[in-house]
Amino acid sequence: MLRRASLLLLMVLTACQPAPLAKPPVQMPDAGLPSVPIAAPTAVAIHGTVRGLRGDVYALLAALPLVPVAGATVSLNGLKATTGADGTFDLTAPAGGTLEVRYDVNGKSRLLLGPAVPNAVVDPVSTLVIRKARAMMALGAIAAMPSAEDVAKLAAALQGSVTAPAAALEDDLAAAQAFDQALAGSQTATQAVGTLAWAVRTPSQQLTKPLDNLTARVTTLAGTGLASTDGPAAGAQLLAPAGLARDAAGNMFVADAAAHLIRKTAPDGSVSTIAGSGTPGFADGQGAAASFNAPAGIAVDSAGNLIVADAGNHAIRKISPAGEVTTLAGTGATGFKDGAGAGAAFASPQGVGVGRDGTVYVADTGNHRVRKLAADGTVSTLAGDGTAGNTDGFGGRLNAPRGLAVDATRVVVADSGNQRIRVIALNGVLGTLAGSGTGNTDATASNAQFNAPSGVAIAPNGDVVVADTGNNLIRRVVTGGAVSTVVQAGALETPLLGPVAPRGVAVGADGTVYVADTGAGRIGVKGTGVYATFAGSATSPLRNGAGARALFWQPRGLVRDRSGNLYVADTANDAIRKITPDGTVSTYAGGTTGDADGPADIAKFRGPSALCLDPNGSMYVVESAARRIRKIDASKPGTPVVTTLAGDPTAKAEFLEGKGRAAHFDQPRGIAYGPDDKLYVADGGNHRIRTVAQDGVTSTYAGTNASSTQDGTLTSAVFERPAGLAFGADGTLYVTDASSQRLRKITRAGQVSTLAGHSAGDADAPVGQQAAFQDPSGLAVDAAGNVFVADAGNHRIRKVTPDGAVSTLAGSGLAGWLDGTGWLVRFSEPRDLALGAKGELYVVDAGTSRVRVLTP
C-alpha cells in the first residue's frame with residue numbers, strides 16, 4: 001500500500017521556496033497530450049518527490065517555471081487526492097495501480113504522467129516506476145529533497161544550460177527547452193524524451209550522493225544496430241532465431257532474439273514480421289508500435305494468440321491474431337514474485353508453453369524455477385525453489401531451465417544448467433527423463449549426456465525433441481529415456497551439414513523437425529531427407545567503415561591496446577574487428593565460420609567471445625562454442641598468424657587437463673593475461689578458473705567440480721559459471737561469477753572472497769553483500785582498484801569500490817539504445833568493458849550490436 005506520497009513543488013534549479021507568481025504560468029506545448037475540461041481549473045506543474053511503497057523518496061524534475069499550488073489532482077486506480085496548500089497529498093491504493101498527475105492551463109486538464117504517456121506504474125515489489133517521460137519533462141534520480149548544492153551540481157551536470165534566475169524562467173520557454181536539450185545530449189529533446197526511461201531505486205539501492213552519477217555521459221563510438229529482412233525464404237534475413245512455435249495451418253512463429261522481433265514463416269518459407277519495432281524496448285501496442293527485448297520463447301494457444309517469453313524485459317507478452325501486443329505478467333524489471341499481472345516478477349524467462357486448459361508455463365531461467373500463469377493472470381510457482389540444483393520430487397530443484405513444452409499430463413523442460421531433460425507432472429512433481437552431465441552421449445536415461453540443452457518440443461507420438469545447443473545437435477528422447485541423434489553437427493563452414501548453436505525446435509504433425517538455427521541465422525528443417533534450410537539466408541551483417549556505418553553482430557568481447565585501438569570479438573560474425581581511436585572499423589582477423597589456423601586474414605573462427613592482449617601485442621581469443629583458446633601472434637612483422645593454443649573443437653564439452661588439444665573446456669567465457677605470463681580462463685561450464693601456459697599446458701587454478709558459491713583457498717573455493725576476468729594493479733584477480741550473481745576476487749596469496757553481490761536482482765548498496773547483479777559479465781579494473789562491471793541482465797554499468805560499495809554509473813535498467821547521461825542512458829545486454837587512458841570506459845553493447853563510450 002502506498003503509505004504516504006509527497007509532491008513538493010519547487011522552482012526549477014533553485015532550492016528556495018519562491019514567492020507566488022503574479023500572473024498565470026506559461027502554457028506548455030500540448031504535444032498531443034489529452035485535454036478534457038475540468039470543473040475547477042488550477043495551475044500546477046510537477047517538480048518534486050514521490051514516496052514509494054517502502055518509504056523511499058524520489059524526485060521528479062520538470063522544466064516548468066511554476067510554484068506550489070493547492071488543488072492539483074492526483075489519482076491512483078480511480079482513487080483521487082488533491083494537493084494541499086503545501087503541495088502534499090495522502091493517497092492509499094493497491095499495488096499495481098496507475099498514477100496520473102495532471103496540470104491545468106486555460107481550463108484544460110492535461111495529463112503529465114499516466115497511462116496514456118505511457119506509463120507510470122506502481123511497482124508491486126517496491127516503488128513507483130516511471131516508464132516514460134513527456135515532452136518538456138526531465139527525470140532525475142535524487143534520493144531525497146534536493147539541497148541548493150545538489151541543484152547546483154545538477155545544473156553543472158547539464159552543462160549549465162539553465163542558469164537564469166527563477167523569475168526569468170516564468171516566460172522563457174526557450175530556457176526550459178534548453179534544459180531538456182542539455183539532458184538529451186546530441187539528440188533533440190523530442191527524440192530523447194520520447195524514449196526516455198527512469199526506473200526508481202529501492203532504499204537498498206540508494207547512493208550516498210545519487211547526483212554524482214548524472215555526470216557519466218555515454219555516446220556511441222561504432223555500430224548502427226542490425227536490420228532484419230522479410231521476404232521469400234531464401235532472401236529473408238533472420239538474425240538470431242531463438243524460439244519456434246508452429247500452428248495447425250503450418251505457419252511457423254519465430255522469436256528473433258537479436259532483431260527484437262516476432263516473425264512468421266509461412267508454409268512456403270516466406271518470412272514476415274508480426275510485431276516489434278526492431279529496437280529493444282518494452283512497449284505494448286499494435287504490430288510495429290510494440291517493442292520487445294531479446295524475445296526467447298514462443299508458443300501458440302488454442303485461440304491463435306502468441307505467448308512470448310520476453311527475456312530481456314523479464315515479462316510474458318501476448319500477441320493477438322490481429323497483432324495487438326499486451327503484457328500478461330511482469331513489469332520490465334528483474335526479480336521474483338508470484339502474483340497477478342504487474343504483481344509478478346521474472347528473471348530472464350527463456351521458454352513458454354501452453355497447456356490444453358490455457359495455462360501458460362514459463363521457464364523462469366534466472367530464478368531456476370518453472371512458473372505457471374493461470375487464465376485469470378495469476379502467476380504461481382510449479383517447480384524449483386530459486387536455488388540452482390538438481391533434485392527430483394515435489395517442487396525439486398532446477399538449474400537455469402531454458403526451453404519447455406507441454407502436453408496433457410506433463411511439462412518437459414530443457415534443464416540447461418544441469419545438462420538434463422526434466423519432466424514435471426502438472427501437480428508439481430519433478431523428475432528426470434534423460435541426462436547425467438555435460439557431454440555428447442546417446443544412451444538411455446541417466447547414461448545419456450547433453451551440453452546446455454536450450455529447446456524442447458513434444459512430437460505427435462510423445463517423443464521429446466531437444467535442441468542440444470552446446471553440441472550443435474538435435475536429439476530425440478523416446479518414452480523410457482533412450483536418447484538418439486536426429487541431426488548431426490557438420491562442418492560449420494557448410495551450414496547445410498548441421499545446425500549452429502540451435503536454441504529452439506518445433507515438430508510438425510508429420511514428425512518433421514524444425515530448428516531455430518541461431519548461429520546460422522535461419523530456420524532449418526529435417527524430414528525424411530537431409531537437414532536443409534527452410535527459411536533465412538544466413539548472411540552475416542559484417543560491414544566495415546567509419547562509426548555508425550559499421551555493422552557488428554552480437555559482439556561480446558573487448559580489449560584495448562596501448563595505442564588506443566579497440567579490438568572486438570564480433571561473435572556472430574566469427575570475426576575480430578578493430579576500431580581505431582577515430583571510430584574507423586576494419587576486420588582484424590576471421591570473418592568466416594570454421595576451424596582454420598593461419599594468417600589472420602584467412603583464418604576461421606567459431607564464435608569468438610572474449611579477448612586479451614599480452615605486452616608484445618599478441619592477442620588471445622576465447623571461442624566459447626568451440627571450447628578452445630586461440631592466439632593471434634603479432635610479435636613478428638607482417639600479417640599476424642592465428643594458432644590454436646588449447647582446446648579441441650571436435651571433443652565433447654568436459655573437463656580434462658593437458659597440453660594443447662588434449663585439454664578440454666566447457667563453455668569458457670572470460671580470459672585475462674596474468675603477471676606470470678600465463679593466461680587465466682573462466683571455464684564456465686566446469687566452474688573453474690584455469691591457466692594456460694604459453695606452451696599450451698592447461699591446469700586448474702581455482703575451483704572444483706562443484707557448482708555453488710563458497711569462498712576459501714584456491715582448492716576449496718567453489719564457483720558457479722564464472723564469466724569475466726580482470727587483474728588489478730596489485731595482482732588481484734577479479735571474477736564475475738555469473739550464475740551466483742557475485743563479484744569475486746582472488747588475492748596473490750590464493751584466497752578467494754566475495755567482494756559484492758549475493759543473489760539475482762538490481763541493487764546498489766554501500767556494502768557489497770547487500771548489492772545485487774543479474775548476469776554480471778565483463779569487467780575492468782582501474783589503478784585505484786575500482787572494478788567496473790558490465791551488468792548484462794540489468795542493462796547497466798556498475799562501479800564497485802575496493803571496499804565493496806556498489807553504484808550505477810550508467811543505465812536505466814530498461815533495455816534499449818539511448819545515449820545520454822547517467823541513469824537516463826539505455827543499454828541492452830552490455831557484455832564487456834575496456835578502460836581508456838583517461839578513465840573512460842568502452843562498452844560492448846551486445847543487444848544493440850554497438851560499441852559505446854562512457855565518460856565519467
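When reading the values below, keep in mind they use all heavy atoms of this one structure, side chains included, and skip hydrogens, waters and symmetry mates.
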Stacked cation flag [X] on [Y], 6.0 angstrom / 45 deg:
{"X": "R690", "Y": "F665", "result": "yes"}
{"X": "R420", "Y": "F450", "result": "no"}
{"X": "R688", "Y": "F719", "result": "no"}

query = Do D364 and R371 sit within salt-bridge range, that is, some charged N less than 4.0 Å from a carboxylate O?
reply = yes
Taking all atoms of both residues into account, what is the closest heavy-atom pair of [X] and [Y], and its distance?
{"X": "V370", "Y": "L404", "result": "CG1-CD2, 4.2 Å"}
{"X": "V507", "Y": "A457", "result": "CG2-CB, 3.9 Å"}
{"X": "S454", "Y": "A414", "result": "C-CB, 3.9 Å"}
{"X": "A467", "Y": "V505", "result": "CB-CG1, 3.9 Å"}
{"X": "S609", "Y": "P668", "result": "OG-O, 4.3 Å"}

Verify the distance criterion only: is there a donor paired with an acceptor across the side chains of [X] and [Y] at less than 3.5 Å?
{"X": "Q350", "Y": "R503", "answer": "yes"}
{"X": "T273", "Y": "R263", "answer": "yes"}
{"X": "T698", "Y": "E657", "answer": "no"}
{"X": "R422", "Y": "T432", "answer": "yes"}
{"X": "S380", "Y": "D338", "answer": "no"}
{"X": "T533", "Y": "R522", "answer": "yes"}

query = What residues form a ring-ring contact (aromatic ring centres under 6.0 Å, His included) with F253, not counting sequence neighbours?
reply = none
query = Of all residues at least two apart in sequence or in a different chain, which pass the ring-ring contact (aromatic ring centres under 6.0 Å, His included) check with Y514?
reply = F534
